Amino acid sequence: MARPDLLVVGGGITGQCAALSAARAGARVALVDLGLNAGSTANAGSLHVQMQSRFLRLNPHLAENLESSLPLYLSAVKAWEALDAELGGVELTREGGLMLAESEAQLAFLEEKAERERAKGLDVEILGHNALHRMAPWLSEEVIGAELCRDEGKLNPLVANRKMRAALERAGVEIRRDRITALEDGAAPSALGTRRHSAGQILLATAWGTSALLAGTAVHVPTPPEPLHMNITEAGAYEIHHLVQHAERPITLKQFRSGQVVIGGGWEARLSEGAGAPGIRKESLLGNVALAARIAPGIGGLRVLRTWAGYNTPVDGKATIGPLEAASRIHLALPGDAGYTLGPVVGQSAAALALGAEGPIDAAPYSPARWRG
Ligand SMILES: Cc1cc2nc3c(=O)[nH]c(=O)nc-3n(C[C@H](O)[C@H](O)[C@H](O)COP(=O)(O)OP(=O)(O)OC[C@H]3O[C@@H](n4cnc5c(N)ncnc54)[C@H](O)[C@@H]3O)c2cc1C
């Protein structure tokens, strides 16, 4: 390919969606990726919209970032629905998400949270014991209520990742394998790896790899990787239609159409030395599946087929979208928390800004300006 109009660095869901939308808009696009540790190949396929209690618990100082981003999450699920149709189906359903309470204090927390979310346009409702158990009879009797967010859903990331890759090839995106170690900005920007990758514009969708690439620029984004644990069971009868979380305990739980139950929710994995994949912690495996079986006793008899870990990059709980500086030809596309949900809308928006086109959202609130200096 002659010098591409856009070079995307990072081939997770954000970079792929940036590349696909730019190619579909008629740009010549190349995508370069190191081929290691994408959060997108480790994620659980939850389409998150309501504020995750885990993030609020761990980062009370960043609650405002998450709350002000709620409209972006609503745009994100619409972007996923469009992608689902475009890719010919990624098992996406939007039957809502339940955040469970096992005590009056947890229910009070959800009531207050729902109030704030309703003010941002989310379709949320607090369910008492009877209404909840009619809707989700597989839940433990210990669960006394829940917040239902009708905007939430789930998809199968294995299917989505495979179909995205094929769509990129069909759209003529050139896929390159390289580790980028430095960037040159200016009229003819380049990304430097084992070779020089020059392009009209460069877009970084490099998640945990971003802060190292920005060393030497005036933009400092902390992107430490957060190693997280996941499990998947053998298939059972398909009964759990909602995305399930908890008001106070680290869990997300959902069932694929195959009947397999995907269990995660923020249990720790081990940071690896060098470029290796994160390691599994036995304590996380046992604690995570025990909690799942307590909440949904019917899945207790299913065997865990596979356990894995991946790097999440929540940054400050708010997306970063746009050029490093007004005149820069290097752009950022970092989704923040629940990055698989946000990846398509963030990638599409960043690509549109890079190409001077109209994007799907007003990206001004997510400008990299907050990271300058
Ligand atoms: C276990 C787990 C479960 C999760 N579950 C969910 C979920 O259910 N729902 C949800 O919304 N989110 C979930 N997340 C978060 C989500 O997966 C990530 O936030 C999202 O995938 C980030 O996408 P991305 O494309 O921005 O980055 P990534 O998918 O992390 O991709 C970044 C890419 O950049 C490449 N790269 C980095 N540095 C360089 C470099 N110097 N040169 C070349 N390439 C480079 C990497 O190789 C990688 O391929 C989960 C995360 C984990 C770890």
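Note that the structure is a prediction, hence the values are computed from the model and not measured. For ligands, and for the atoms within them, numbers begin at 1 and follow the listed sequence.
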Is [X] touching ligand 1 with its side chain, its backbone, both, or neither, if touching means heavy atoms under 4.0 Å apart?
X: Leu36; result: backbone
X: Thr210; result: neither
X: Gln16; result: neither
X: Trp308; result: neither

Would you check whether [X] has a nitrogen or oxygen atom less than 3.5 angstrom from a nitrogen or oxygen atom of ligand 1?
X: Ala207; answer: no
X: Val32; answer: no
X: Gly45; answer: yes
X: Asp33; answer: yes
X: Tyr340; answer: yes
X: Thr313; answer: no

For [Y], does its backbone N or O pair with a side-chain atom of [X] as donor and acceptor, under 3.5 Å?
X: Glu239; Y: Trp138; result: no
X: Lys154; Y: Leu47; result: no
X: Ser349; Y: Ala363; result: no

Does ligand 1 have an atom that lies less than 4.0 angstrom from a heavy atom of Thr41?
-> no
Can you find a non-hydrogen atom of Gly343 under 4.0 Å from ligand 1?
->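 Heavy atoms of Gly343 never come under 4.0 Å of ligand 1.
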Are more than 12 heavy atoms from other residues, nucleotides or ligands located less than 6.0 Å from atom CZ of Arg165?
->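 Counting other residues, nucleotides and ligands, CZ of Arg165 stays at 12 neighbours or fewer.
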Within a reach of under 6.0 Å around CD of Glu169, are more than 12 heavy atoms found that belong to other residues, nucleotides or ligands?
-> yes
With a cut-off of 3.5 Å and sequence neighbours excluded, list every side-chain donor-acceptor pair involving residues 30-39.
unit_1	atom_1	unit_2	atom_2	d
Asp33	OD1	Gly35	N	2.4
Asp33	OD2	Gly11	N	2.5
Asn37	ND2	Ala275	O	3.0
Asn37	ND2	Gly276	O	3.1

Give the residue, atom name and distance (to 0.1 Å) of the protein heavy atom nearest [atom].
atom: atom 32 (C) of ligand 1; value: Ala205 O, 3.6 Å
atom: atom 3 (C) of ligand 1; value: Asn43 CA, 3.4 Å
atom: atom 26 (O) of ligand 1; value: Thr14 OG1, 2.8 Å
atom: atom 23 (O) of ligand 1; value: Ser40 OG, 3.2 Å
atom: atom 41 (N) of ligand 1; value: Ile180 O, 2.9 Å
atom: atom 44 (N) of ligand 1; value: Leu34 N, 3.1 Å
atom: atom 36 (N) of ligand 1; value: Thr206 CG2, 3.9 Å
atom: atom 1 (C) of ligand 1; value: Met230 CG, 3.3 Å

Per-atom contacts, ligand 1 versus Tyr311 - under 4.0 Å to a heavy atom =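 Here the atoms of ligand 1 in question are 53 (C).
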Atom indices of ligand 1, in the order listed, that fall short of 4.0 Å to a heavy atom of Ala42 | 1 (C), 2 (C), 3 (C)
Indicate yes or no: at least one non-hydrogen side-chain atom of Leu204 is less than 4.5 angstrom from one of Leu213.
->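 SC-SC contact between Leu204 and Leu213 confirmed.
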Pairwise side-chain contact, Glu226 with Tyr311, heavy-atom cut-off 4.5 Å (strictly under) =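 Side-chain contact under 4.5 Å: no.
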Do Thr223 and Thr210 have side-chain atoms, one donor and one acceptor, less than 3.5 Å apart?
->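 No.
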Cut-off 3.5 Å, side chains only: do Trp371 and Thr320 have a donor facing an acceptor?
->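 Looking only at side-chain atoms, Thr320 and Trp371 do form a donor-acceptor pair, the distance falling under 3.5 Å.
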